[in-house]
Amino acid sequence: MRYLREFRDPVLAARLVDAIATVATRRWTIMEVCGGQTHSIIRNGLDQLLAEQVEFVHGPGCPVCVTPLETIDRALAIAARPEVILCSFGDMLRVPGSDTDLFSVRARGGDVRVVYSPLDAVRLAEENPRREVVFLGIGFETTAPANAMAVVAARARGLRNFSMLVSHVLVPPAMAAVLAAPENRVRAFLAAGHVCAVMGTSQYEPLVTSHRVPIVVTGFEPLDLLDGVRTAVEQLEAGRAELANAYSRAVCADGNVVAQRTLDRTFTVCDRAWRGIGVIPGSGWRLADEYAEFDAEIRFDVTGLTAEESSECHSGDVLRGMIKPPQCPAFGGRCTPRTPLGATMVSTEGACAAYFQFRRLGADHG
Ligand code: SF4
């Protein structure tokens with residue numbers, strides 16, 4: 001357990017913990033949406049500091065974790081082709097598909113490269129005019145603007161050998177799906193600040209109104225999270241349900257309007273499958289028809305590919321807040337970061353990886 005004196009501002013941290021303990025009359029179930037927030041909560045022991053006031057359940061906000069199996073299988077099929085350079089962020093290489101992963105494809109001679117920006121992939125396409133360069137474009141509203149810009153840049157440079165395998169997902173429909181589930185226990189959300197930096201806080205107003213659920217936009221530092229929890233618990237105890245911004249140093253109501261315009265031009269909202277969860281209507285982006293020539297699914301004819309989830313991995317239950325990672329029978333035994341069965345154990349933002357890395361190993365952490 002991490003002690004308060006280890007926080008950057010221990011006095012403020014103690015004040016926030018005291019404020020939460022003073023106002024809470026019961027233990028509230030709060031979902032932090034983003035995997036980065038999950039790791040911060042577990043790494044800094046906020047779940048232990050607030051064990052009597054808050055049960056944290058971990059939401060579907062890790063992009064690698066929710067990328068559907070079909071998308072991984074499509075990437076694997078494309079990466080195996082000799083003319084292709086498949087570019088991806090590093091996390092995706094170890095995510096298991098139905099039979100293998102991108103690392104294994106690379107080991108068998110596939111040209112799979114780790115890049116740090118989608119624009120690196122555009123540059124690779126310019127430098128390799130005889131090769132097909134494909135970027136695996138996944139993630140939430142946060143990463144989408146850079147991916148949109150890569151497609152716009154590829155068109156502006158007249159590149160015909162660049163395409164993108166797009167599997168973007170959107171946060172508000174996923175939160176609505178969590179709330180609509182009959183087994184839902186979530187009473188308030190900590191929403192991810194970086195998503196709101198792009199899309200603005202106002203996108204959550206309809207959810208707050210329709211579900212009467214407090215949503216507090218927070219950052220990722222432990223003090224940000226404590227402040228967000230305090231705001232959420234105060235609302236819950238007062239019977240209020242409001243949209244609050246506890247991350248105003250980075251986020252405003254409207255978000256980044258320029259980025260939103262680029263997204264509107266480049267992507268179209270679509271139904272999207274979430275790994276372990278299933279299809280959530282209107283929860284994804286695909287390339288707009290105007291940019292269909294850059295769609296790798298069409299270019300490499302992998303649209304019809306389907307896949308069956310492993311019954312051994314319960315990541316869908318983890319991502320909906322129904323169980324904690326140690327409650328999965330495979331956790332820490334058959335499934336470890338070295339031998340992952342699911343993406344939530346692979347990703348640096350995955351809840352299973354957080355519990356394993358920071359030694360929340362027993363059922364008492366369920
Ligand atoms: S511990 Fe492994 S098998 Fe279990 S839910 Fe997490 S990733 Fe899936």
Compare every heavy atom of [Y] with every heavy atom of [X], then report the nearest pair and how far apart it is.
X    : Y    : value
L236 : P214 : CD2-CG, 3.9 Å
A296 : V134 : CB-CG1, 3.7 Å
V251 : V217 : CG1-CG1, 4.3 Å
I138 : N147 : O-ND2, 3.9 Å
A148 : T262 : CB-CG2, 3.9 Å
G90  : V114 : N-CG1, 3.7 Å

Check against side-chain contact (heavy atoms from CB on, under 4.5 Å), V54 and L46: CA-CA 9 Å; V54 176; L46 302 190; over 6 Å; no
Short side-chain donor-acceptor distance under 3.5 Å, T25 and E237: yes
Under 3.5 Å side-chain donor-acceptor pair for D289 and T268: no
Whether over 12 other heavy atoms sit under 6.0 Å from D301 CG: no
Sidechain N-carboxylate O distance under 4.0 Å for [X], [Y]:
X    : Y    : answer
R113 : D120 : no
R230 : D227 : yes
R299 : E132 : yes
R320 : D317 : yes
R74  : E70  : no

Can you confirm whether [X] sits close enough to [Y] that some side-chain heavy atom of one is under 4.5 Å from a side-chain heavy atom of the other?
X    : Y    : value
Q260 : M199 : yes
P68  : S167 : yes
Q53  : V233 : no
F7   : L16  : no
V57  : K324 : yes
M164 : Y291 : no
T266 : L287 : yes
Y204 : V171 : yes

Euclidean distance, [Y] [atom2] relative to [X] [atom1], rounded to 0.5 Å:
X    : Y    : atom1 : atom2 : result
R123 : R157 : CZ    : CZ    : 10.0 Å
R15  : L223 : CZ    : CG    : 11.0 Å
L190 : Q37  : CG    : CD    : 6.0 Å
E234 : R240 : CD    : CZ    : 7.0 Å
L102 : L86  : CG    : CG    : 6.0 Å
I277 : L319 : CD1   : CG    : 5.0 Å

Check whether [X] and [Y] end up in the same hydrophobic cluster, where Ile, Leu, Val, Met, Phe, Trp and Tyr are linked by side-chain heavy atoms less than 4.5 Å apart.
X    : Y    : answer
I323 : I42  : no
V112 : I72  : yes
M149 : V166 : no
V279 : L170 : no
F300 : L159 : no

Sequence neighbours excluded - disulfide bond (SG atoms under 2.5 Å apart) pairs with any residue from residues 205-318: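 Disulfide bond (SG atoms under 2.5 Å apart) check on residues 205-318 returns no pairs.
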Residue pairs fulfilling disulfide bond (SG atoms under 2.5 Å apart) with at least one residue in residues 21-135, sequence neighbours excluded: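 Passing the test, one end in residues 21-135: C62-C65.
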Pair listing, side-chain hydrogen bond (donor to acceptor under 3.5 Å, both in side chains) test, anchored in residues 270-283, at least two apart: W274-S283
Taking only residues at least two apart or on different chains, which pairs with a member in [range] satisfy ring-ring contact (aromatic ring centres under 6.0 Å, His included)?
range            : result
residues 158-201 : H168-F267, H194-F220
residues 237-263 : none
residues 38-77   : H58-Y355

Reference residue S347; test side-chain contact (heavy atoms from CB on, under 4.5 Å); the match among V64, V95, T67, V66: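 Going through the options one by one, the only one that passes is V64.
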Sequence neighbours excluded - salt bridge (Lys or Arg N to Asp or Glu O under 4.0 Å) pairs with any residue from residues 133-155: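 As it turns out, the salt bridge (Lys or Arg N to Asp or Glu O under 4.0 Å) pairs with a partner in residues 133-155, which skip direct neighbours, are R155-E290, R155-E293.
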Residue pairs fulfilling salt bridge (Lys or Arg N to Asp or Glu O under 4.0 Å) with at least one residue in residues 194-222, sequence neighbours excluded: R8-E221
Side-chain donor or acceptor of N128 paired with backbone N/O of R131 under 3.5 Å: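 No, the answer is negative, given that no donor and acceptor are paired below the 3.5 Å cut-off.
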Donor-acceptor pair, side chain of E242 and main chain of Q235, under 3.5 angstrom: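 Checking the backbone N and O of Q235 against the side chain of E242, no donor-acceptor pair under 3.5 Å is found.
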Any residue meeting ring pair (Phe, Tyr, Trp, His ring centres under 6.0 Å) with F89, in chain and number order, not counting sequence neighbours: F135
Worked check of side-chain contact (heavy atoms from CB on, under 4.5 Å) between V213 and M175: CA-CA 11 Å; V213 62; M175 291 165 68; over 6 Å; no
Candidate pair L93 and D101, rule side-chain contact (heavy atoms from CB on, under 4.5 Å), full reasoning: CA-CA 6 Å; L93 269 59; D101 57 30; over 6 Å; no
Would you list the atom pairs, donor with acceptor, under 3.5 Å between side chains in residues 78-85 and any protein atom, with sequence neighbours excluded?
from, atom 1, to, atom 2, distance (Å)
R81, NE, E83, OE2, 3.0
R81, NH2, E83, OE2, 3.2

For R249, all residues meeting side chain to side chain donor-acceptor pair (under 3.5 Å), sequence neighbours excluded: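 Side chain to side chain donor-acceptor pair (under 3.5 Å) list for R249, sorted by chain: D224.
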Show me the donor-acceptor pairs within less than 3.5 Å that the side chains of residues 333-346 make with the rest of the protein, sequence neighbours left out.
from, atom 1, to, atom 2, distance (Å)
R334, NE, E312, OE2, 2.8
R334, NH2, E312, OE1, 2.8
R334, NH2, E312, OE2, 3.4
T336, OG1, R338, N, 3.2
T336, OG1, T339, N, 3.2
T336, OG1, T339, OG1, 3.0
T339, OG1, R334, O, 3.3

Stepwise side-chain contact (heavy atoms from CB on, under 4.5 Å) check, D91 with E349: CA-CA 10 Å; D91 267 14; E349 293 188 6; 5.7 Å; no
